[in-house]
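The structure appears below as structure tokens.
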Amino acid sequence: MNITFPDGAIKEYPKNITPIEIAESISHGLAKQIVVAKVNDELVDLNFEIVEDAKIMFFKFDSEEGRSVYWHSTAHLLAQAVRTLFPDVKVTIGPSIENGFYYDFDKEIPFTDDDLQKIEQKMKELAKLKNIYKREELSKQEAIDKFQKMGENYKLELLADIPNDEIISIYTQGDFTDLCRGPHLTDTAKIKSIKLLKTSGAYWRGDAKNKMLQRIYGVSFPSNKELNKYLYNLEEAKKRDHRKLGKELDLYSISDDIGPGLVLWHPNGATMRSIVEDYWKKRHFAKDYKLVQTPHIGKAELWEKSGHLGFYNESMYSAIEVDGQEYYLKPMNCPFHIAIYQSQRRSYRELPIKYAEMGTVYRYENSGSLHGLMRVRGFTQDDAHIICTPQQLDAEVENVVEFSINTLRAFGFEKFDIYLSTMPEKAVGEKSDWDKATVALKNSLQKLNLDYKVDEGGGAFYGPKIDIKIKDALNRSWQCSTIQFDFNLPTRFGMEYIGEDNAPHRPFMIHRALLGSIERFFGTLIEYHAGNFPVWLCPIQVKVLPISDQYIDYAQKINEILITNNIRSEVDFRNEKIGYKIREAEMMKIPFMFIVGQKEMDANSVSVRRHQEGDLGSFRLADIIEKIQKDVEEKK
RNA sequence: GCCGACAUGGCUCAACGGUAGAGCACUCGACUUGUAAUCGAGCGGUUGUGGGUUCGAUUCCUACUGUCGGCACCA
């Protein structure tokens with residue numbers, strides 16, 4: 001029987017040989033390290049018997065496949081430990097995830113931190129027993145009987161969804177059996193280092209209508225060293241948290257007295273925001289967008305007509321009554337932009353029309369979902385609506401997708417996840433329009449050579465969309481850019497343009513936000529740069545630090561020159577030692593520190609210290625100003 | 001909204017069933033300073049809010065509010 005290796009080599013082996021035996025035949029070290037094997041493109045247990053010619057590939061912990069199996073097996077170990085310590089608990093599901101694993105349990109009293117400790121300890125004991133993960137296959141009926149006897153009703157629910165004629169696999173290690181597709185590690189002793197990280201509630205099958213289960217998250221590694229490294233990285237990542245940095249760098253705050261999810265932009269944050277917005281406007285003017293500005297509230301009838309009161313009501317702040325009329329804070333800008341469009345009869349000659357606005361909206365978000373700047377109740381969307389003819393569609397889509405990516409890149413972002421969401425089951429609009437729009441979106445992504453995932457049926461009911469998500473320091477994804485077709489509002493509002501044929505036609509409308517919301521974007525910006533912003537964005541670019549009182553006048557003079565040259569500068573004229581002033585400027589992550597004393601005053605120069613780099617030496621003021629201006633120009 | 005944890009001066013954190021303590025910040029004074037914390041003194045909280053238990057609570061119970069970690073939601 002011939003076995004083909006990834007490098008193309010072919011070796012002969014006896015029938016019924018297993019991947020682990022093959023690995024052992026190559027080297028003992030390899031056999032010890034591998035976690036799982038792929039035989040003919042299917043991941044299998046290491047003791048899977050190969051009966052005919054096959055391709056084989058091994059995976060260690062350093063591969064995605066390897067980690068996933070490793071963590072999945074650890075999840076089974078977690079379930080075993082929990083069943084041992086809490087016999088009344090029902091097990092449900094426990095997959096591996098991007099960074100570890102979790103297992104959901106049905107337990108009346110939630111796990112405590114103490115429980116977590118005990119469970120972790122028990123897992124370590126159980127792991128050492130070197131129990132084999134034993135695979136068995138049985139018919140669906142046999143599986144039902146088995147789990148019924150065990151009283152595992154959640155497993156029965158899962159089984160109910162599996163076709164009757166399918167072969168079911170179960171895995172047993174020690175006294176614990178779980179319904180599972182596999183594959184798994186050979187034995188529990190492969191799991192060397194375990195850490196349970198947190199507990200939380202989680203709905204059965206992810207549905208809020210179902211019972212809330214108790215979830216335990218954890219992670220495991222082949223060595224303590226790797227676990228410690230992981231925990232260290234986690235701590236480091238927490239230092240990038242925009243909520244922590246937002247306070248430390250005095251960028252913004254959110255006050256209980258004002259209301260949850262409502263942001264106060266402090267001078268430092270507001271300065272940066274203003275730079276972002278100015279740059280945003282400049283780019284939009286260059287792309288022929290027309291700036292508009294619309295009110296924060298609108299009459300109930302408007303939101304009735306747009307459908308917001310019907311579909312979006314629970315996310316809106318309640319009505320404000322004035323003169324017997326109900327008004328609502330706007331959760332979106334679209335109806336206002338449409339009103340501007342409809343203020344005149346529009347000709348095909350005017351299209352495409354692109355209205356852009358930094359539109360501040362208010363949404364009543366669930367209390368549990370609020371999160372720093374990332375999820376707030378009042379935020380400013382960098383919103384725009386592109387209204388065009390069917391003929392203009394492809395070009396406009398391509399334009400906007402490219403514009404969107406380039407804008408993110410201009411702010412230093414390189415990594416983002418792009419999603420294309422297609423027509424859901426419940427949708428408005430013509431299927432042909434959906435297809436046309438979806439193809440246009442897809443083409444633009446391909447043309448720009450962008451990797452993306454397709455979310456089949458994940459579009460909004462009113463149109464397909466492209467979303468771009470950026471990850472925060474703790475690897476949580478936040479949607480920033482969104483480009484969405486809208487087949488709903490143009491119809492609801494009866495939008496029209498007069499075509500060449502002198503007859504009215506319905507335009508296409510694309511709704512888009514490049515940064516998403518300024519608040520969220522700012523949050524991701526903070527975390528992405530860990531507070532060490534590029535010079536052009538820094539609220540304070542230079543701090544002038546006089547060595548002692550005698551040089552304050554000189555420092556003030558330097559400061560004035562800097563400000564005149566559009567460099568954001570401040571003087572630290574407190575009566576402190578230079579080391580103290582430097583320390584504070586470093587902690588505030590100010591990119592340039594100008595240290596001035598007798599030497600500098602005599603030479604009419606400044607001594608420059610760069611944040612995180614240290615002393616750069618002495619500079620002529622004009623030279624360093626030029627350098628900073630160049631950095632700003634180049635968006636460094 | 002759901003599950004859990006938490007809530008002490010501007011910030012970070014400590015303590016306790018008998019009316020709270022430190023560092024930083026701030027104010028004042030001394031020092032006149034050369035690349036990540038000079039020294040000294042002072043100011044500042046009744047312990048998120050309401051209710052209850054208790055002779056007495058900040059400490060125990062409870063409701064609410066908010067924050068944090070998840071879940072759900074996120075046109």
Side-chain angles (χ1 to χ4, degrees), chain A residues 102 104 107 109-113 115-116 197-217 238 241 243-244 247-248 250 253-257 259-261 306-308 310-312 314-315 331-332 334 363-372 374-375 421 424 427-428 458-465 467 474 476 478-479 482 484-489 511 516-517 520 545-552 574-588 593-600 607-618:
Chain A
Y102 69 77
D104 286 347
K107 181 173 184 288
I109 304 160
F111 294 107
T112 63
D113 286 350
D115 293 340
L116 225 58
L197 297 165
K198 57 197 174 195
T199 61
S200 91
Y203 299 108
W204 167 236
R205 299 197 140 179
D207 189 335
K209 289 198 274 295
N210 290 338
K211 186 171 184 184
M212 181 156 268
L213 307 169
Q214 298 302 321
R215 175 171 298 181
I216 297 177
Y217 285 93
K238 283 184 188 160
D241 192 316
R243 292 165 300 184
K244 188 171 152 61
K247 193 182 286 178
E248 287 171 359
D250 198 16
S253 64
I254 294 170
S255 159
D256 291 1
D257 298 336
S306 69
H308 285 89
F311 296 109
Y312 204 65
E314 70 287 357
S315 294
M332 294 184 196
C334 342
R363 296 182 186 175
Y364 179 75
E365 300 285 355
N366 281 332
S367 60
S369 63
L370 297 176
H371 183 100
M374 302 300 202
R375 193 82 180 265
S421 302
V428 299
F461 75 88
Y462 53 79
K465 59 175 182 172
D467 292 329
L474 291 174
R476 293 174 289 215
W478 298 97
Q479 183 187 307
T482 185
Q484 313 182 336
F485 273 88
D486 195 325
F487 299 128
N488 182 45
L489 291 181
H511 171 113
S517 93
R520 177 177 291 179
L545 311 176
I547 297 276
S548 79
D549 297 2
Q550 301 154 37
Y551 314 109
I552 287 181
R574 290 174 304 174
N575 185 8
E576 295 290 350
K577 283 180 74 172
I578 192 67
Y580 180 91
K581 296 182 188 177
I582 287 171
R583 177 182 153 80
E584 189 164 288
E586 284 284 352
M587 289 197 306
M588 291 304 284
M593 285 152 268
F594 287 3
I595 292 142
V596 296
Q598 191 62 47
K599 265 190 301 184
E600 289 74 18
S607 177
V608 178
R609 182 188 166 100
R610 189 77 168 84
H611 171 54
Q612 285 183 318
E613 287 174 27
D615 197 352
L616 299 186
S618 191

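- Residue contacts for Arg476(A): at a heavy-atom cut-off of 4.0 Å it reaches the sugar-phosphate backbone alone, with no base atom in range.
- When the P atom is compared between rC68(B) and rC13(B), the two are found 14 Å apart, to the nearest whole Å.
- Between Gln550(A) and Gly261(A), the residue whose closest nucleotide on RNA chain B is further toward the 5' end is Gln550(A).
- Here the side chain of Lys247(A) is nearest to one of rA36(B), rG1(B), rC11(B), namely rC11(B).
- Side-chain to base pairing of Glu600(A) with rG34(B): one donor and one acceptor N or O lie within less than 3.5 Å of each other.
- One can place CH2 of Trp478(A) at 14 Å from P of rC74(B), the figure rounded to the nearest angstrom.
- Nearest nucleotide to the Lys198(A) side chain, out of rG66(B), rG70(B), rU32(B): rG70(B).
- Nucleotide rA37(B) is matched to nothing when pairs are restricted to Watson-Crick or G-U wobble geometry with both distances under 3.5 angstrom.
- Here rU65(B) presents its P atom at 13 Å from CG of Leu370(A), a figure rounded to the nearest Å.
- Contacts of Met593(A) with the nucleic acid, taken as non-hydrogen atoms under 4.0 Å apart, are absent.
- Taking atom C1' in both rG48(B) and rU67(B), the straight-line distance is 11 Å, to the nearest Å.
- Using a 4.0 Å heavy-atom cutoff across all strands shown, Asn366(A) reaches at least one base atom of the nucleic acid.
- Comparing the P positions of rG34(B) and rC11(B) gives a spacing of 34 Å, expressed to the nearest Å.
- Rounded to an integer number of Å, the gap from Arg375(A) CZ to rC74(B) P is 9 Å.
- The side chain of Ser200(A) places no N or O atom within less than 4.0 Å of a non-bridging phosphate oxygen (OP1 or OP2) of rG69(B).
- In this structure, the nucleotide among rU33(B), rC3(B), rG70(B) sitting nearest to the side chain of Pro110(A) is rC3(B).
- Taking the side chain to side chain donor-acceptor pair (under 3.5 Å) definition, one finds that Gln484(A) meets it with Tyr462(A), Thr482(A), sequence neighbours left out.
- Contact annotation for Gln214(A): backbone-only contact, meaning every heavy-atom pair under 4.0 Å involves sugar-phosphate atoms and none involves a base.
- Under the 3.5 Å distance criterion, with hydrogens and angles disregarded, a donor-acceptor pair is assigned to the side chains of Thr112(A) and Asp115(A).
- Of the C1' atoms belonging to rG10(B) and rG69(B), the separation is 27 Å, rounded to the nearest Å.
- Going from atom NE2 of His611(A) over to atom CD of Glu586(A) covers 6.0 Å, rounded to the nearest 0.5 Å.
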Please lay out, stage by stage, how Glu584(A) and Arg574(A) fare under the test salt bridge (Lys or Arg N to Asp or Glu O under 4.0 Å). CA-CA 12 Å; Glu584(A) 189 164 288; Arg574(A) 290 174 304 174; 2.9 Å; yes

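- Among the heavy atoms of the strands lying under 4.0 Å from Glu576(A) is at least one base atom, whether or not backbone atoms are also near.
- Gly206(A) comes within 4.0 angstrom of the backbone, heavy atoms only, and of no base.
- A donor-acceptor contact under 3.5 Å links the side chain of Tyr203(A) to the base of rG1(B).
- As rounded to whole Å, 11 Å separates atom P of rU38(B) from atom NZ of Lys581(A).
- Looking at heavy-atom distances under 4.0 Å, His371(A) makes contact with sugar-phosphate atoms alone, never a base.
- In this structure, OG in Ser607(A) is found 7.5 Å from CD1 in Ile547(A), a value given to the nearest 0.5 Å.
- Listed nucleotides: rG70(B), rG34(B), rU38(B). Nearest to the side chain of Tyr580(A): rU38(B).
- Arg610(A) comes within 4.0 angstrom of no nucleic acid atom, judged by non-hydrogen atoms across all strands.
- Gln598(A) comes within contact range of at least one nucleobase, with a heavy-atom separation under 4.0 Å.
- By the 4.0 Å N-to-carboxylate-O rule, Arg205(A) lies too far from Asp207(A) to be salt-bridged with it.
- Without hydrogens or angle criteria, Arg215(A) side chain to Gly201(A) main chain gives no donor-acceptor distance under 3.5 Å.
- When all heavy atoms of Arg520(A) and Gln479(A) are compared, the pair lying nearest together is NH1-O, 2.8 Å.
- The shortest distance between side-chain heavy atoms of Phe487(A) and Pro464(A) falls below 4.5 Å.
- Between the CD1 atom of Ile552(A) and the P atom of rU32(B) there is a distance of 15 Å, given to the nearest Å.
- Closest contact between the side chain of Ser548(A) and the listed nucleotides rA72(B), rU33(B), rG34(B) involves rU33(B).
- Nucleic acid contact class of Ile578(A) (heavy atoms, under 4.0 Å, all strands): sugar-phosphate only.
- Distances from the side chain of Ala202(A) to the nucleotides rG69(B), rC71(B), rU33(B) place rC71(B) closest.
- In this entry the distance linking CG of Asp241(A) with C1' of rC68(B) reads 10 Å, nearest Å.
- Comparing atom distances between the Ser369(A) side chain and each of rG34(B), rG70(B), rC73(B) picks out rC73(B) as nearest.
- Rounded to an integer number of Å, the gap from Arg574(A) CZ to rC24(B) P is 14 Å.
- One N or O donor and one acceptor, one from the side chain of Arg609(A) and one from the base of rA36(B), sit under 3.5 Å apart.
- Rounded to the nearest Å, the gap between the P atom of rC28(B) and that of rA22(B) is 22 Å.
- Within the 4.0 angstrom heavy-atom criterion, only backbone atoms of the sugar-phosphate kind lie near Gly579(A); the bases stay farther away.
- Here the side chain of Ile595(A) is nearest to one of rU35(B), rC2(B), rA72(B), namely rU35(B).
- Tyr551(A) and Gln598(A) share a donor-acceptor pair across their side chains, judged by distance under 3.5 Å alone.
- Across all strands shown, rG23(B) forms a Watson-Crick or G-U wobble pair with rC11(B), both key distances being under 3.5 Å.
- If you take atom P in rC39(B) and the same atom in rU47(B), they sit 34 Å apart, rounded to whole Å.
- For the C1' atom pair drawn from rG66(B) and rA25(B), the interatomic distance equals 25 Å after rounding to whole Å.
- If you take CD of Glu365(A) and C1' of rC2(B), they are 16 Å apart, rounded to a whole angstrom.
- For a distance-only test at 3.5 Å, the side chain of Asp549(A) qualifies as a donor-acceptor partner of the base of rU32(B).
- Using a 4.0 Å cut-off, no side-chain N or O of Arg215(A) falls inside it from OP1 or OP2 of rC3(B).
- Closest to the side chain of Lys577(A), out of rU33(B), rC71(B), rG66(B), is rU33(B).
- Judged by closest nucleotide on RNA chain B, His611(A) is the one of Gly307(A) and His611(A) placed further toward the 5' end.
- Taking atom P in both rC24(B) and rU19(B), the straight-line distance is 27 Å, to the nearest Å.
- Residue contacts shown for Tyr102(A) are absent, as no nucleic acid heavy atom lies under 4.0 Å away.
- When both distances must be under 3.5 Å, the Watson-Crick or G-U wobble mate of rA63(B) is rU49(B).
- In this structure rC68(B) sits in a base pair with rG4(B), meeting the Watson-Crick or G-U test at under 3.5 Å.
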